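Below is one structure, written out as C-alpha cells, with a few remarks after it.
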Amino acid sequence: MFSFNKNRLTTSNKANDANGPVAYWMSREQRNADNWALLWAQDLARQRGAPLAVVFCLVPEFLHASFRQYAFMLQGLQEVQENLAAKNIPFYLLTGRPEDVLPPWQRQNNIQAIVADFDPLRIKRAWRENVVAKVKIPFYEVDAHNIVPCLIVSAKQEYGAYTLRPKMHRMLEEYLEEFPPLRRQSLPWKAKKPQIDWVKLKQTLAADRSVGEVSWIKSGEKAAQAALSDFIVQKLPHYVQRRNDPNQGGQSNLSPYLHFGQLSAQRVALEVRKAAADQETKNAFLEELIIRRELADNFCLYNPDYDNFAGFSAWAQKTLNEHRGDPRPYLYSREQLEQAQTHDDLWNAAQMEMVKRGKMHGYLRMYWAKKILEWMPAPEEAMAAAIYLNDKYELDGRDPNGYAGIAWSIGGVHDRAWNERNVFGKIRYMSYKGCQAKFNIKKYVEWVGSL
DNA sequence: ATCGGCTCGCGCAA
DNA sequence: TGCGCGAAGCCGAT
C-alpha cells in the first residue's frame, strides 16, 4: 500500500479531528508528480473516505515579485491544473493573502483537514501560523522539498556544509526512496469545478512589467522533466570540468524548476544515481544538489536574519565592522549597479545576463555579490542591493539558495575567515584576476552582449 | 605551474 | 584540551 515516512510530517490542531474533505494547500511544491505533500493529502482523504481538492493562494505583489516570475509560475500552475484534472482532482486558485482567503474558502467547502508544504522563509511561516490560528481544523505540514526533512536532519543552524554532511549521509538512505504514483481520485468533488481564466489572470497581474518574460526556458512539469533528462545525458558527464566556466554551459539550469517546485530534488537525485556517468562526477553533482541546497533551507529556517547583517557569524560581523571606514576602490549606487554601469566588464556582463535571461551563472553569482560589498558604502547596503536585484530579476529569486548564497558571499556564512584585507576584512575575497585565470572573460562578455 | 600561509571555530578524539 | 579541517580564493615566493 502507501508508504510514507512520518518524519516528513508535522501536525497542528490535532484535537479537532472530524472526518471530511481534505485540501492540499499547494505553495512551494507546484507539481503533480513526486510530491509528498500531495501524496499524503490523497492518502489522508482515502483513509477518511473523503474527497480531495488542491488550493493555491496567488498573493499579488508577493515580496515585489516581477512579471517574469509570475508568468513563469502561472504557466506551471496551469499545467498542474490540467494534470490534476486528469486524476479527477479539482484545483482552486484563490487571489489574496492566505490568512485572508483560505479560512473562508475552507468553511465554504466544509474542508476538515489541510495539508501544506514546508517552506523555511519568514513570510511563509507567518502565513502558516495565521492560517492555523484561524481554521481550527487539523493542519499538517509535509516537507516535500528536502530529501531528508529540514526539521529532522538537524534541530539547529548548521555552521557549515561539513557539519551538515555527516548528518545528511547518515539519514539519506532512509529518505532517498522512490515515490508512489498519484492515484486517480475516485470519490468525486461535489462542488462545482472551479473555472480559472488564465489569460485574464496574467493580463491583470499587478506585477512589475519592466521585467519581462524569458523565452530560453519553458515553464512547467513536463519541461522540467525534459530538462532533467537532457542534463543527465548531455551535461552530467562533463559536470566537474565545466560547471565553473560560464562559457561552457555546464550547469544543470534546473534551479528555476526546483525553486517553483515544478521538479522534485528527490527525483533529480534518484535519476542522477541511476545515470551512467562515473561515480565521482555524480557525487560532485549530488553534493551541490543535496548538501548545499538543504543547507540553505537549514540556514533560513533557523536564522531569522537570513537576509541581513545580523544573520552573519560573530567573527564576520566583527571583521566587517572593523573595516567600515575603509576607502572603497569604487562607489556605486544601487541604480548604477542595476543598470550595469560599473568599470568592470565582467561584473556588468553578469548583471546583464541576469537582467536579460533571469539567470546568472552560478560561479559568477559569488563574484557579483562580493563586488557589491566592495563597491557600496556599507555591508548592510550591499546585502539589501544584492537581494533586491536577485529577487527582482532571477527566475529563482526569493529562494533560500539565493539568501544563503548572498550571505556566503557578503557575510562569510558557511565559510571560514581568510587573509585580512581592505573592505572585506577576513571575508573571502574574489578577484577579476582569478576569473581571468579560470575562464575566458572576453568570450563571456561578448556572449552576453549578443543576447 | 605549484605551494604555503592566511585565519576561525566546530566537532570529535583523547 | 588538542587537533583536523572546512562552500567554489588570493597572493607572493619559488
Side-chain angles (χ1 to χ4, degrees), chain A residues 146 153-170 235 238-248 250-252 255 258 265 280-281 283-300 302-303 306 311-323 326 329 344 346-347 350 360-374 386 390 396 399-439 441 444:
Chain A
N146 295 295
V153 71
S154 173
K156 64 180 179 98
Q157 186 189 336
E158 289 298 326
Y159 193 76
Y162 76 100
T163 61
L164 181 67
R165 193 174 294 114
K167 295 177 182 178
M168 189 67 76
H169 284 304
R170 271 199 295 276
K235 296 179 182 171
H238 316 287
Y239 185 69
V240 174
Q241 305 93 293
R242 296 184 183 171
R243 63 175 156 173
N244 283 348
D245 183 343
N247 295 315
Q248 296 273 6
Q251 300 179 111
S252 73
S255 67
L258 292 169
E280 209 178 319
T281 302
N283 286 346
F285 179 75
L286 290 171
E287 163 80 14
E288 293 206 16
L289 176 80
I290 301 173
I291 305 293
R292 213 163 76 199
R293 219 196 66 264
E294 307 210 356
L295 183 62
D297 261 35
N298 169 277
F299 176 58
C300 291
Y302 293 116
N303 190 333
Y306 53 77
F312 302 166
S313 304
W315 69 266
Q317 292 194 31
K318 181 168 177 279
T319 194
L320 286 170
N321 282 333
E322 284 166 1
H323 288 270
D326 291 358
D344 178 331
L346 174 58
W347 193 95
M360 190 190 301
H361 189 275
Y363 185 80
L364 288 173
R365 287 190 187 198
M366 299 183 288
Y367 177 79
W368 173 85
K370 283 182 178 293
K371 292 297 150 186
I372 295 177
L373 170 64
E374 192 171 4
N390 181 78
D396 61 359
D399 191 277
N401 280 316
Y403 297 125
I406 291 169
W408 178 87
S409 301
I410 295 176
V413 167
H414 302 144
D415 205 5
R416 54 193 273 207
W418 294 89
N419 205 11
E420 192 162 11
R421 61 146 59 223
N422 204 25
V423 184
F424 284 77
K426 293 168 183 174
I427 303 292
R428 180 196 301 253
Y429 184 68
M430 284 177 80
S431 70
Y432 189 93
K433 245 174 90 179
C435 292
Q436 228 164 8
K438 288 183 188 70
F439 60 89
I441 292 177
Y444 172 71

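Every chain is numbered from 1 and lettered A, B, ... according to where its sequence line falls, protein lines coming before strand lines. In this text the structure is predicted, and so the values were computed from the model without any measurement.
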Determine the contact category for A/K370: base if any of its heavy atoms lies under 4.0 Å from a base atom, sugar-phosphate if only primed atoms, P, OP1 or OP2 are that close, otherwise nothing.
nothing

Checking all strands, does A/M366 fall into the base, sugar-phosphate, or nothing category for heavy-atom contacts under 4.0 angstrom?
base

pair A/F424-A/D326: side-chain heavy atoms closer than 4.5 Å
no

Mind checking A/K438 for me? I need base, sugar-phosphate or nothing, with any heavy atom below 4.0 Å counting as a touch.
sugar-phosphate

Determine the contact category for A/W408: base if any of its heavy atoms lies under 4.0 Å from a base atom, sugar-phosphate if only primed atoms, P, OP1 or OP2 are that close, otherwise nothing.
base

Nearest-0.5 Å distance, CG of residue A/L295 to OG of residue A/S154:
9.5 Å

Which is true for A/Y162 with a 4.0 Å heavy-atom rule: it touches a base, it touches only sugar-phosphate, or it touches nothing?
base

Pair A/D344, A/Y367: side-chain N/O donor-acceptor within cut-off below 3.5 Å
yes

Side chains of residues 410-420 of chain A: which donor-acceptor pairs under 3.5 Å do they make with residues two or more places apart or in other chains?
residue	atom	partner	partner atom	Å
A/D415	OD1	A/R428	NH2	2.7
A/D415	OD2	A/R428	NE	2.7
A/D415	OD2	A/R428	NH2	3.3
A/W418	NE1	A/R416	O	3.2
A/E420	OE2	A/H323	NE2	2.8

Does the side chain of A/Q157 pick up a donor-acceptor pair with the side chain of A/N303 at under 3.5 Å?
yes

Can you check the A/Y432 OH to C/dG9 C1' distance for me, whole Å?
18 Å

Mind checking whether A/D396 and A/N401 have side chains closer than 4.5 Å, heavy atoms only?
no

Reckon A/R421 touches a base, only the sugar-phosphate, or nothing at all at heavy-atom distances under 4.0 Å?
sugar-phosphate

Opening and closing nucleotides of DNA chain B in contact with chain A, under 4.0 Å to non-hydrogen atoms
B/dC6 to B/dG11

Assess A/K370 against A/W347: is NZ or CZ under 6.0 Å from the centre of the six-membered ring, and within 45 degrees of the ring's axis?
no

To the nearest Å, how far apart are A/N422 CG and C/dC10 P?
16 Å

Would you check if A/Y363 and A/K438 make a side-chain contact, meaning some heavy-atom pair closer than 4.5 Å?
yes

Answer whether the closest heavy-atom distance between the side chains of A/N146 and A/I290 falls below 4.5 Å.
no

Does A/R293 reach a base, just sugar-phosphate, or nothing at all? Heavy atoms under 4.0 Å.
nothing

Name all stems that contain residues of DNA chain C, defined as runs of 3 or more consecutive Watson-Crick or G-U wobble pairs, both distances under 3.5 Å.
B:1-6 with C:9-14, B:8-13 with C:1-6

